[in-house]
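Numbers restart at 1 for each chain; the letters A, B, ... are given by sequence-line order, proteins then strands.
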Amino acid sequence: MLSWVIPLVFAMLCLAMLMNLWSLHTRSGLPDRVLALDTLYINSSALIILFGLWKSTELYFEAALLIALLGFVSTVAVCKYMLRGDIIE
Amino acid sequence: MPFWFELIVSLLLLGGGAFILLGSLGLVRMPDFYTRMHAPTKATTLGMWGLLVGALLLSSWNSGVLSMNQLLIAVFLLLTTPVSTHMLAKGALHHRLEWDKNTQGQEHAKRFMDDQ
Amino acid sequence: MRTWLPLPYTSLLLLLVWLLLNQTVAPGHLLLGSVLALTIPLLTMHLRNPQPAIRHPIKALMFLFRVLWDILVANMEVARLMLRPKLKLRPAFVEVPLDITRDFPITVLASTISLTPGTLSADVSADRSRLLLHVLDLEDEAQLIATIKHRYETPLREIFEC
């Protein structure tokens, strides 16, 4: 059962990421694009976790954790830039 | 692996994938930025939880010991997603981003914009 | 106690995260994690703003489970709204007056609101007395404010006693 469930979830995640890319490309304005990127990084870390399951290894877990960490920090940094026009005051 | 266990894991993975897909669908469908923000915060967080709990169960079964490290990502996401959305909304208000014409209570938002 | 263990909860959390990251409870990692959990708070405690402590851990735990349950319900709600072939939304901005005053409880409240049914915290006023929310599908403003105050703010006030 898992042998077809995991590829199906792969397809769902890829579709979700394509939608994110579409909205990243078509929306105008900084906040909208940052929102699309924010969703994109969460989805990509989901994809990496799923890939780790597929290959049944724990190695990819840390990559997913790092993407989640760096994605959050960069989103907050860009938001700070939007709010102040500067990152380090 | 017994069938019931495989079924639980499959349902969790499929549910997680479905909610992540739903979050991205909301990002495409919603009319303005403020409504668009709702989908990724809620649906994607729940989707990640489903996926991570499924991954936790499956990798625990495969390795024979309870592996809890997927929970770390789940808790991290639960703590950080609202923060980043709040910052985004604040930034959008600061930029006086347009909202949908039939939004109620626009005067509240305007008052907050003038405060900043 | 004050001097060598200034932030007991932070230390516990650091040790727990260390063990989770390394996927082990081997004595070596326990020792290394404990050393880190003791020294990191000592080095960083001066960077913190003092925040009110959790006075009732059991109530906090119950609050956490309630929030997790509400997240599940919230998602069903948002999914139902989003999957209708024709979007019929009643978006709105709502202002909620705040009774809690300290930064940390307000942060917890705002995060909870963001994760639960159809609401999203957008801004806090400079004097920390009002919270601006964006609602996806507003039915009754007064009722929504009452629900938030009763369901989330009152337990938080009890937990932090502020």
Side-chain angles (χ1 to χ4, degrees), chain A residues 1-6 8-24 26-27 29-32 34-36 38-40 42-43 45-47 49-50 52-53 56-58 60-62 64-65 67-69 71-85, chain B residues 1 3 6-7 9-11 13-29 32-34 36-37 39-41 44-45 47-48 51-52 54-55 58-59 62-63 67 69-70 72-73 76-77 79-81 83-95 97-98 116:
Chain A
M1 191 183 205
L2 278 172
S3 56
W4 60 266
V5 163
I6 291 181
L8 184 63
V9 182
F10 265 129
M12 283 162 134
L13 290 182
C14 289
L15 189 61
M17 285 174 80
L18 279 177
M19 283 186 199
N20 293 339
L21 272 180
W22 181 84
S23 71
L24 178 67
T26 50
R27 305 285 184 206
L30 192 54
D32 258 316
V34 178
L35 183 65
D38 191 74
T39 320
L40 191 62
I42 296 180
N43 290 1
S45 81
L47 198 66
I49 289 164
L50 203 65
L53 272 190
S56 53
T57 148
E58 295 272 303
Y60 290 97
F61 155 77
E62 268 156 50
L65 186 65
I67 287 182
L69 272 169
F72 169 66
V73 172
S74 46
T75 307
V76 169
V78 178
C79 289
K80 200 78 190 157
Y81 173 74
M82 277 200 291
L83 278 169
R84 306 271 177 203
Chain B
M1 198 183 297
F3 179 74
E6 213 172 326
L7 189 71
V9 172
S10 303
L11 282 180
L13 290 182
L14 275 176
F19 270 105
I20 288 177
L21 191 58
L22 204 67
S24 302
L25 187 71
L27 200 65
V28 173
R29 275 195 82 186
D32 69 340
F33 175 74
Y34 300 96
R36 228 172 275 148
M37 270 191 319
T41 20
T44 308
T45 312
M48 281 300 277
L51 206 86
L52 286 165
L58 191 60
S59 61
N62 282 341
S63 64
S67 79
N69 51 12
Q70 274 85 2
L72 216 57
I73 301 184
F76 180 79
L77 275 179
L79 294 179
T80 55
T81 324
V83 176
S84 56
T85 338
H86 182 91
M87 293 283 284
L88 263 174
K90 215 172 148 74
L93 278 175
H94 186 71
H95 274 225
L97 207 71
E98 283 295 309
Q116 284 179 354

Sort B:Leu51 into side chain, backbone, both or neither according to what part of it lies under 4.5 angstrom from a heavy atom of chain A.
-> side chain
CA sep, side-chain torsions, deciding dist, call: B:Leu13, A:Leu50, side-chain contact (heavy atoms from CB on, under 4.5 Å) = CA-CA 9 Å; B:Leu13 290 182; A:Leu50 203 65; 4.2 Å; yes
Picking from B:Leu72, B:Leu25, B:Asn62, which has the most non-hydrogen pairs under 4.5 angstrom with chain A?
-> B:Leu25
Hey, which of A:Asn20, A:Val76, A:Thr26 has the most heavy atom pairs under 4.5 Å with chain B?
-> A:Asn20
Drop me the distance from B:His94's NE2 to A:Met82's CE, to the nearest 0.5 angstrom.
-> 9.5 Å
Heavy-atom pair count under 4.5 Å with chain B, highest-scoring of A:Thr57, A:Asp32, A:Leu13, A:Val34 = A:Asp32
Which region of B:Asn69, side chain (C-beta onward) or backbone (N, CA, C, O), has a non-hydrogen atom less than 4.5 Å from a non-hydrogen atom of chain A, or is it both or neither?
-> both
To the nearest 0.5 Å, how far apart are CD in B:Gln70 and CG in A:Leu65?
-> 10.5 Å
What option among B:Thr44, B:Thr81, B:Leu21 has the most heavy-atom pairs under 4.5 Å with chain A?
-> B:Leu21
Part of B:Leu22 within contact of chain A (heavy atom distance under 4.5 Å) | neither
Which atoms of B:Ile20 approach chain A - backbone, side chain, both or neither, heavy atom under 4.5 Å | both
Between CD1 on residue A:Ile49 and CG on residue B:Leu52, distance to nearest 0.5 Å = 4.0 Å
With a 4.5 angstrom heavy-atom cut-off, which part of B:Ala89 approaches chain A: side chain, backbone, both or neither?
-> neither
Gap separating the CD1 atom of B:Ile73 from the CD1 atom of A:Ile42, nearest 0.5 angstrom | 11.5 Å
Among A:Thr75, A:Ile6, A:Leu69, single out the residue with the greatest number of heavy-atom pairs under 4.5 Å to chain B.
-> A:Leu69
Which bit of B:Met87 comes within less than 4.5 Å of chain A, counting heavy atoms only: side chain, backbone, both or neither?
-> both
Using side-chain contact (heavy atoms from CB on, under 4.5 Å) as the criterion, point out the one residue from A:Leu35, A:Asp38, A:Leu40 that pairs with B:Leu27.
-> A:Leu35
